[in-house]
Protein chains: 2
Amino acid sequence: MTRDLPPALAENVGFLLSITSARSVAMANAALVPLGLKARGYTALSLVAASDGMSQRDIAEALRMDPSQVVALIDTLEGKGLVERRPHPGDRRLRSVVATPEGHRVRKKAAKVIKDSVSALLTDFTEEERTVLHGMLTRLATGRTTTPA
Amino acid sequence: MTRDLPPALAENVGFLLSITSARSVAMANAALVPLGLKARGYTALSLVAASDGMSQRDIAEALRMDPSQVVALIDTLEGKGLVERRPHPGDRRLRSVVATPEGHRVRKKAAKVIKDSVSALLTDFTEEERTVLHGMLTRLATGRTTTPA
DNA sequence: TATTGTTATACTCTATAACTATA
DNA sequence: TATAGTTATAGAGTATAACAATA
């Protein structure tokens with residue numbers, strides 16, 4: 001998958017970011033097909049699995065999504081038996097979303113699949129280059145000037 | 001615009017790419033509002049303006065879009081008087097898309113606006129860091145192992 | 001036969017407003 | 001009155017199939 005860039009686009013950082021992101025999502029989605037997940041679902045699952053219960057509002061903020069989109073996303077994961085909505089003790093407005101045991105198992109398998117997918121995207125990037133890229137993307141994603149200590 | 005990343009997402013390169021790209025597009029779109037353009041339209045305009053006429057198929061391939069999407073995109077630019085569809089001499093199946101004088105003027109203004117927008121995205125990246133990032137994104141966007149000489 | 005441009009269609013993603021139940 | 005979840009809806013973006021004109 002190598003394609004030339006027209007000179008008029010080669011300097012366009014925004015365009016490069018867009019198609020790189022699209023490529024990354026497409027590769028991740030393809031890799032996750034056997035597990036019945038897509039990139040967004042994997043991200044949400046890994047987020048929830050690392051917590052001891054998250055409100056959908058917190059999920060929305062972490063994933064940079066509108067709360068209304070989170071409903072369908074969690075519906076899908078819940079339909080696959082990967083997460084559960086539980087009543088929140090103390091505030092009955094909240095739903096505490098937690099990963100099921102099956103959700104933890106699938107997340108672990110998916111993490112390996114995604115690791116390989118990223119490896120394929122970063123083919124022939126050295127370890128140092130990967131670290132540099134990761135640091136830069138972290139700064140860009142958070143809008144933070146410097147990586148916090 | 002600084003927001004923390006949950007630890008579960010901080011290592012997710014694909015997620016970082018996605019939200020960085022979304023941020024970049026949002027910033028570019030906002031900056032282009034006064035010119036009546038969006039990021040995609042600017043990219044297409046700059047591509048066409050750098051050529052002496054492109055078929056819509058060539059535009060689709062350069063922009064990584066489906067040819068059917070290019071129709072609406074060029075319709076929009078043509079409606080604003082920024083590009084023209086001309087018959088292609090020699091092959092009557094082709095439409096040669098070229099930038100109008102007004103298209104060239106708008107493209108020039110837009111390029112400045114986009115330059116500032118990218119500058120805002122890359123706030124406090126050094127010149128060297130910008131060069132490194134650009135080189136990495138070029139490799140990732142084209143799927144090419146090394147930057148061609 | 002194959003290709004360009006085009007239309008139609010559908011599916012995903014995203015964004016907004018409004019409703020309900022709780023607080 | 002304010003907030004969490006939800007629903008409905010509409011707008012982008014993307015992908016596929018099919019058709020007319022032309023090669």
Side-chain angles (χ1 to χ4, degrees), chain A residues 14-15 17-19 21-30 32-33 36-44 48 53-79 83-98, chain B residues 14-15 17-19 21-30 32-33 36-44 48 53-79 83-98:
Chain A
F15 177 70
L17 262 174
S18 288
I19 63 180
S21 170
R23 224 184 128 216
S24 165
V25 171
M27 290 172 71
N29 284 348
L32 287 170
V33 165
L37 281 176
K38 299 180 72 172
R40 223 351 102 46
Y42 164 70
T43 304
V48 167
M54 290 184 71
S55 75
Q56 295 184 189
R57 159 173 276 269
D58 287 343
I59 295 171
E61 188 178 357
L63 262 37
R64 266 74 164 171
M65 297 171 68
D66 191 88
S68 67
Q69 299 173 244
V70 175
V71 176
L73 182 57
I74 299 303
D75 279 351
T76 302
L77 295 177
E78 195 170 35
V83 304
E84 267 181 19
R85 281 189 251 234
R86 294 186 186 161
H88 187 283
D91 189 336
R92 281 189 295 176
R93 289 176 305 183
L94 306 191
R95 325 288 302 268
S96 185
V97 181
V98 298
Chain B
F15 176 71
L17 262 174
S18 289
I19 63 181
S21 170
R23 227 186 125 211
S24 166
V25 172
M27 290 173 71
N29 284 347
L32 287 170
V33 165
L37 282 175
K38 298 181 73 173
R40 229 340 112 46
Y42 164 70
T43 304
V48 167
M54 290 183 70
S55 75
Q56 296 184 186
R57 160 171 277 271
D58 287 343
I59 295 172
E61 187 178 359
L63 263 37
R64 268 73 166 171
M65 294 170 70
D66 191 89
S68 67
Q69 299 172 243
V70 175
V71 178
L73 183 57
I74 299 303
D75 279 352
T76 301
L77 294 176
E78 196 170 36
V83 304
E84 267 180 21
R85 280 187 251 233
R86 294 186 186 159
H88 188 281
D91 190 335
R92 282 188 296 175
R93 288 175 305 183
L94 307 190
R95 325 288 301 268
S96 185
V97 181
V98 298

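A, B, ... follow the sequence lines: proteins, then strands. Residue 1 opens every chain.
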Think [X] has a side-chain N or O under 4.0 angstrom from the OP1 or OP2 of [N]?
X     : N      : result
A:R92 : C:dA23 : yes
B:R95 : D:dA21 : no
B:K38 : D:dA12 : no

_Most 5' of A:N29 and B:S96 on DNA chain C, judged by nearest nucleotide_ =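 Its nucleotide being nearer the 5' end, the pick is B:S96.
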_Any donor-acceptor pair, under 3.5 Å, between the side chain of A:S68 and the base of C:dT14, if you only look at N and O atoms?_
no
Looking at [options], which one has an atom nearest to any side-chain atom of [X]?
X     : options               : answer
B:D66 : C:dA21, D:dA15, D:dT6 : D:dA15
A:V71 : C:dT4, D:dA4, D:dT6   : D:dT6
A:R93 : D:dT14, C:dA2, D:dT3  : D:dT3
A:R40 : C:dC13, D:dA4, C:dT4  : C:dC13

Rounded to whole angstroms, how far apart are [atom1] on [X] and [atom2] on [N]?
X     : N      : atom1 : atom2 : value
A:R57 : D:dA2  : CZ    : C1'   : 10 Å
A:R64 : C:dT14 : CZ    : P     : 13 Å
A:I19 : D:dG13 : CD1   : C1'   : 16 Å
A:Q56 : C:dA21 : CD    : P     : 16 Å
A:E61 : D:dG5  : CD    : C1'   : 16 Å
A:L73 : D:dG5  : CG    : C1'   : 14 Å
B:I74 : C:dG5  : CD1   : P     : 10 Å
B:D91 : C:dG5  : CG    : C1'   : 11 Å

*Closest heavy-atom contact between B:S18 and A:V25?*
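What the structure gives for the nearest pair is OG-CG2, 3.7 Å.
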_For a quick test of reading the model, state the closest non-hydrogen atom pair linking B:A28 to B:A39 and the distance between them._
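Shortest heavy-atom separation between B:A28 and B:A39 comes out as CB-CB, 4.2 Å.
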*So what does A:Q69 hit on the nucleic acid, given a heavy-atom distance under 4.0 Å: a base, only sugar-phosphate, or nothing?*
base
*Taking the side chain from A:Q56 and the backbone from A:R95, do they hold a donor-acceptor pair closer than 3.5 Å?*
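A pair under 3.5 Å: no.
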*asked:* Between A:S21 (side chain only) and A:L17 (backbone N and O only), is there a donor and an acceptor less than 3.5 Å apart?
replied: no
*Before giving the answer on side-chain contact (heavy atoms from CB on, under 4.5 Å), spell out for B:V98 and B:E84 the whole-Å C-alpha distance, their side-chain angles and the decisive distance to 0.1 Å.*
CA-CA 5 Å; B:V98 298; B:E84 267 180 21; 4.1 Å; yes
